[in-house]
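All remarks here apply to the structure that follows.
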Amino acid sequence: MRDAYHEELDSIGESLVEMARLVGSAIGRATTAILDGDLKLAEHVIEADKKVDDLQHELEARAIALLARQQPVATDLRIVVTSLRMSADLERSGDLAQHVAKLARLRFPQRAVPQDLHATILEMGQLAQRLMAKAAEVIVTKDVDLALQLEQDDDEMDLLHRTLFQHLIDDRWKHGIETAVDVTLLGRYYERFADHAVSVAKRVVYLVTGEHADDLQADVQSGIQPVTGVEGA
């Protein structure tokens, strides 16, 4: 019975990894769709989001059943509760990738992104995909140091977002209000996607250490050595 219980906990973790990989792939494909004006690819991204939603619903059902049947405590309880929160972050990430794809579909056969901003949007899309891939790795490895690095990596996305905004307020902007709105939305989608990847990593830190990532970073900066081993149940 106990083996089955821990297998179910492991299965929840595997579902989280699958969700992270799916939404990472989705943001990459959505970026291609928005830049290339690829309607078929955009439709595929939109339809594929259902799988992410289904995985979240299944994970929630399993987690709630575990809480009801096993009444876990200590680390096991933290795993279940944190997994529920991570699944919500990942589901929302999938929605954001879908929003990018829907904007590509809305503007087809035109393209939402003007040529002079292609490089910035492409970089934002690639960075978003890398951040989510790293979040997936953190879920698998429970590597606290790697998890804490994600917040620093997210600074690059914030810089790209500011760069995008500078283009929008430049007096030389010549692409009109509708395109300005589209680009503003895109920037926000990518920024929020990255934020969710960071949130997933922070939740892994809490799962492993029992401390919130921000508190742990403050301890490290003050010279206190973090405890990074998983506690026993």
Any donor-acceptor pair under 3.5 Å linking the side-chain atoms of Ser83 with those of Arg203? no

Distance-only donor-acceptor check, side chains His167 and Asp116, under 3.5 Å: no

Minimum heavy-atom distance between [X] and [Y], given as atom pair plus value:
X: Met132; Y: Ser93; answer: CE-OG, 3.5 Å
X: Ala136; Y: Val17; answer: O-CG2, 4.3 Å
X: Leu59; Y: Ser15; answer: CD1-CB, 3.9 Å
X: Ala201; Y: Val138; answer: CA-CG1, 4.3 Å
X: Pro114; Y: Val183; answer: CD-CG2, 4.1 Å
X: Ile34; Y: Ala104; answer: CD1-N, 3.3 Å

Rounded at 0.5 Å granularity, tell me how far [atom1] in [X] sits from [atom2] in [Y].
X: Lys202; Y: Tyr206; atom1: NZ; atom2: OH; value: 15.0 Å
X: Asp53; Y: Glu91; atom1: CG; atom2: CD; value: 5.0 Å
X: His99; Y: Asp49; atom1: NE2; atom2: CG; value: 9.0 Å
X: Ser199; Y: Glu151; atom1: OG; atom2: CD; value: 10.5 Å
X: Thr163; Y: Met124; atom1: OG1; atom2: CE; value: 8.5 Å
X: Gln70; Y: Leu9; atom1: CD; atom2: CG; value: 8.5 Å

Give the C-alpha distance, both sets of side-chain angles, the deciding distance and a yes or no for side-chain contact (heavy atoms from CB on, under 4.5 Å) between Asp182 and Arg107. CA-CA 9 Å; Asp182 288 347; Arg107 296 303 175 212; 2.7 Å; yes

Side-chain contact test, heavy atoms from C-beta onward, threshold under 4.5 Å: evaluate it for [X] versus [Y] and give yes or no.
X: Leu131; Y: Leu127; value: yes
X: Tyr189; Y: Ile27; value: no
X: Leu55; Y: Glu58; value: yes
X: Gln98; Y: Lys102; value: yes
X: Lys40; Y: His44; value: yes
X: Leu22; Y: Lys51; value: yes
X: Glu211; Y: Val205; value: no
X: Glu156; Y: Arg130; value: yes

Donor-acceptor pair, side chain of [X] and main chain of [Y], under 3.5 angstrom:
X: Thr179; Y: His175; answer: yes
X: Arg78; Y: Leu207; answer: yes
X: Asp170; Y: Arg172; answer: yes

State yes or no: do [X] and [Y] share one hydrophobic cluster built from I, L, V, M, F, W and Y residues joined by side-chain heavy-atom distances below 4.5 Å, directly or via other members?
X: Ile79; Y: Ile64; result: no
X: Leu84; Y: Met19; result: yes
X: Ile46; Y: Val52; result: no
X: Phe108; Y: Leu103; result: no
X: Leu77; Y: Ile12; result: yes

Tell me if the [atom1] atom of [X] is crowded by more than 12 foreign heavy atoms within 6.0 Å.
X: Arg62; atom1: CZ; value: yes
X: Ile177; atom1: CD1; value: no
X: Arg21; atom1: CZ; value: no

Ion pair [X]/[Y], N-O distance below 4.0 Å:
X: Arg188; Y: Glu191; value: yes
X: Lys142; Y: Glu137; value: no
X: Lys50; Y: Asp54; value: yes
X: Arg92; Y: Asp89; value: no

Sole candidate of Leu35, Val100, Leu160 that passes side-chain contact (heavy atoms from CB on, under 4.5 Å) when paired with Ile121: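 Testing each of Leu35, Val100, Leu160 against Ile121, the sole residue satisfying side-chain contact (heavy atoms from CB on, under 4.5 Å) is Leu35.
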
Residues Gln110, Glu178; criterion side-chain contact (heavy atoms from CB on, under 4.5 Å); working and verdict: CA-CA 12 Å; Gln110 307 301 320; Glu178 183 177 85; over 6 Å; no

Working for side-chain contact (heavy atoms from CB on, under 4.5 Å), residues Val204 and Val208: CA-CA 6 Å; Val204 173; Val208 172; 4.2 Å; yes

Checking Leu90 against His196 for the side-chain contact (heavy atoms from CB on, under 4.5 Å) test, could you report, in this order, the C-alpha distance in whole Å, the side-chain angles of both residues, the deciding distance, and whether it holds? CA-CA 7 Å; Leu90 294 168; His196 284 297; over 6 Å; no

